[in-house]
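For reference, the structure is listed below as C-alpha cells.
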Amino acid sequence: MNAQSSTVGTRILVIDDEPQIRRFMRASLTAEGYIYLEAATAEQGIKQITSQNPHLVILDLGLPDADGYEVMQKLREWSQVPVLVLTARDDELQKVKLLEGGANDYLTKPFGIRELMARIHVLLRDLSDQQQPSAETQFHFGELLIDREQHKVFLQNEVINLSRKEYALLDFLASHPQKLVTQQQLLEKIWGHTHHEDTHYLRIFVSQIRKKLKDDPAHPQYIETEPGVGYRFIAQKS
Amino acid sequence: MNRHPWLGYIAAIVITSIAAGLSYLLDHWLLPTSGTVLILQLAVLLIAFLTNFRAALLAAVSAVLLFNFLFTEPRYSLHMTDVDEIVTTIVFIAVAVITSHLATSFRHQKESLRQAQLRSNILLSVSHDLRTPLASVIGNLSTLQAYQERLPEHERAELLQGALDESDRLHRYIENLLQATRLQHGEIRLTHAVQDIRPVISKTIARFPAQSRLLVHDSLQYAMVEVQSSLLEQALFNVIDNALRFSGDTAPVSINLYETDNAIIIDIKDEGPGIDSNKRALVFNVFYSSREKDSGTGGTGLGLSVAKGIIDTHNGRISIEDSNKGCLIRISLPRASMTEEVK
C-alpha cells in the first residue's frame, strides 16, 4: 500500500454502529498510519466532526438514531469534509440521492480492505490536489495520452478523432482518476444546467468514446460504469 | 371481506336495499326516475369497490329488480311497458357490469402492488442481514491478510475471533431463513421422540457465550415431551437470544420450567424494555422487527416467527404474557403420555 509518510497526522472518522466493522477499520487505518476516530451514532459523529475536525469521514447509512441522508445534509450545511458512505443496500436511487446530497463516494457492504483503502487514498489525494493545482498538460495512462494543450488524445501514439463533447467528457473523467463522477456532474459540466435528465446523452457519448479507445465495457481499462449512478476513470497514471 | 364471500353478498343486499329505500322516500318528493337510477348505480359501484365481482353482480341484478318493482309503471309489479324504462334498465345493467369489472381489476392491481412491495421489502431486509455479518467477515480477514505483520498479536487474535463470531451469526441467520421457508411451505416432517425436555434446554443454554446471565429455575416433576430436539433447540435458542439482545449487556434472563395438568411450560423473561401490548400480535410475524431502516439494532424479524412455527408444529403454544417488567414469553408444550413413552 501507499507510503505511510503521507498519512501522518491525517484524521479519519468512522461512524458505524456495528462494533465488528469498527474493529477492522481501527486495525487497518491505524496500520496505515492514520489517526483513527470513531462514533457509533449520528449524534456522536457530528460531535466528533465539530471537535476533532477530521480530514475524511466514513459514514454508515444504517445508524440507529438518524437517516444517513439527513446526516449528510446536516453536515453539508457547514462542512466540506470528504465523506465516503457505506451502505448495506445495492440501491441505485439511494446512491444517487446521497451523491447529490454531497457524499463523495460510496462502498457497498461487504467490501475488502484494499478497496476501502484505495477509495480513501483517492478522496484524500483530491484534497491535496485542490490545494496545489497541477501544472501538467499531458496525462499518460499506459498507452493512452491526453494532451490538454492541443486538446488531442493519442492511443498507441496515434491520434484519436474525438468530437469536442467527447473530448470534454473524457478529459473531465480522466482529470478525476479513480473518482466516482456522477451523471449529474457530467451533464452539468458538459451540457449545462438544462440537461440534468438527459442521461441517454451520456450513454451514447461514453459508448462512442469506448469504441474509439477500444475499451470493452464488460472489462473496461479506462471508463467503468457505475450503473444508474455515474462513471469512474479507472486507468492508473503512468 | 375477501375471506368471507357471503359477507360481500350480505353487504350487496343491505346497501342496495338502503339505496332503494332512500330513492323510494325521495320519490315522494318528486325525484325523477333518472335520479333513482343514479342512486342505485352508486350503490352498485360502492359494492364493487368494497367487495367482489360476484357480489357487485348480485347488487346490480337486485337493483334492477327493485327499480322495476318500485319505480317503473306499472308499479309494484315486474312488468315493464315503457320503452324508455326498458332502455334505462339495459343501460343500467351494462354500466353496472363494466364498473364492477373495473373495480375488480383495480382491486387486483392494488393487491399485486402490495405483494410486490412486500416481496421487495423482504428481499431488502434479507440482503441487509446477509451483507452485514459478511461485511465483518470479509473486512476482518482482508485486514489480517493486508496488514498481518503490522498488527499487534492481540489485534490479530481479535480480528480472527470476530470473523468466527460473525460467521456463526451468518450461519444462524441462514438456518433460520431456511427453516422459515420450510415452515411456510409446510415441508417440515417431524420425527418425534418422547424425551425429557431438560437436556434439550441445557444443550440450548450451552450454545450461549453469556451463560452466566441465564438463570434457570426448574420445578418440573414430570418432564417428558414429544419433540424433535434439534428443532425445539432452534426455537428456544431464538427466544433466549432475543431476550438477551433486548436486556442490555448485563441484565439476567430467567428461564422457568414448570408444569400444568397437560402441558410443560417454559417461561423466558428478560428485563428489557418489554413489548407494547398493541405490538404483541405482530412480533411473531415473519420479518417483523423493531429495527428501523438499516440500523444494526433490533433483530432480523425471523427468530420469533421461526420459533412460533416450530412450536406450532409441535402442537404447542407460544405467547407473550403480561409482566410487570420486561418481556415474558411463554412456551407451552403438550405433555407426552406415559404409554407413548413406553412405545
Side-chain angles (χ1 to χ4, degrees), chain A residues 1-2 4 7 14-34 36 40-43 58-71 85-94 98 106-118 120-121, chain B residues 117 120-170 173 245-246 248-249 273 289-300:
Chain A
M1 305 240 149
N2 280 13
Q4 278 195 31
T7 66
V14 174
I15 312 177
D16 196 312
D17 61 328
E18 289 267 325
Q20 291 286 351
I21 303 271
R22 294 202 305 270
R23 172 178 296 160
F24 76 77
M25 295 250 193
R26 185 187 57 224
S28 56
L29 290 169
T30 314
E32 280 279 337
Y34 296 111
Y36 170 83
T41 61
E43 198 194 329
I58 299 174
L59 171 69
D60 174 52
L61 279 194
L63 292 172
D65 59 334
D67 175 63
Y69 184 67
E70 284 162 22
V71 178
V85 166
L86 302 181
T87 162
R89 293 189 177 189
D90 210 357
D91 177 347
E92 285 170 17
L93 279 179
Q94 187 202 39
L98 275 159
Y106 66 84
L107 260 182
T108 307
K109 290 178 181 177
F111 52 85
I113 203 69
R114 283 171 196 278
E115 206 179 346
L116 176 75
M117 288 303 162
I120 290 175
H121 291 152
Chain B
Q117 272 166 348
S120 111
N121 281 346
I122 288 176
L123 201 64
L124 274 180
S125 148
V126 170
S127 75
H128 172 269
D129 290 327
L130 289 172
R131 277 184 178 137
T132 304
L134 255 184
S136 301
V137 173
I138 293 175
N140 282 16
L141 294 180
S142 61
T143 299
L144 266 176
Q145 188 191 40
Y147 301 101
Q148 198 139 39
E149 71 285 4
R150 287 195 233 167
L151 297 172
E153 176 58 35
H154 74 272
E155 264 188 6
R156 274 182 283 178
E158 271 183 17
L159 286 172
L160 264 183
Q161 188 59 50
L164 271 177
D165 290 346
E166 291 297 283
S167 308
D168 275 343
R169 181 170 146 198
L170 192 59
Y173 179 69
R245 194 205 327 270
F246 285 103
D249 291 335
S289 170
S290 62
R291 186 171 69 197
E292 282 175 23
K293 298 207 173 134
D294 289 347
S295 156
T297 56
T300 58

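So you know, we letter chains A, B, ... as the sequences are listed, proteins then strands, and number each from 1.
- The shortest side-chain heavy-atom distance between A/Glu18 and B/Thr132 falls under the 4.5 Å cut-off.
- Atom-to-atom distance recorded for B/Arg131:CZ and A/Thr108:OG1 is 6.5 Å, nearest 0.5 angstrom.
- In this structure, the separation between CG on B/Leu144 and CD1 on A/Ile113 is 10.5 Å, given to the nearest 0.5 Å.
- Among all heavy-atom pairs drawn from B/Gly162 and A/Gln20, the shortest one is CA-OE1, 3.5 Å.
- Proximity of A/Met117 to B/Tyr147: side-chain heavy atoms (C-beta onward) are separated by under 4.5 Å at one or more points.
- A/Thr30 contributes atom OG1, which lies 9.0 Å from atom CG of B/Leu151 (distance to the nearest 0.5 angstrom).
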(request) Could you walk me through whether B/Glu155 and A/Arg23 pass the side chain to side chain contact (heavy atoms under 4.5 Å, CB included) test, one step at a time? (result) CA-CA 9 Å; B/Glu155 264 188 6; A/Arg23 172 178 296 160; over 6 Å; no
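- From B/Arg150, atom CZ reaches atom OG of A/Ser28 across 10.5 Å, with rounding to the nearest 0.5 Å.
- In this structure, the separation between CD on B/Glu158 and CZ on A/Phe24 is 14.0 Å, given to the nearest 0.5 Å.
- Here B/Ser142 contributes atom OG and A/Arg114 contributes atom CZ; the two are 8.5 Å apart, rounded to the nearest 0.5 Å.
- In terms of heavy atoms, B/Ala135 sits closest to A/Pro110 at CA-CB, 3.4 Å.
- If you tally non-hydrogen atom pairs under 4.5 Å between each of B/Asn140, B/Leu134, B/Leu130, B/Ile138 and chain A, the highest count goes to B/Asn140.
- Among residues two or more places apart in sequence or in another chain, the side chain to side chain donor-acceptor pair (under 3.5 Å) test is passed with B/Tyr173 by none.
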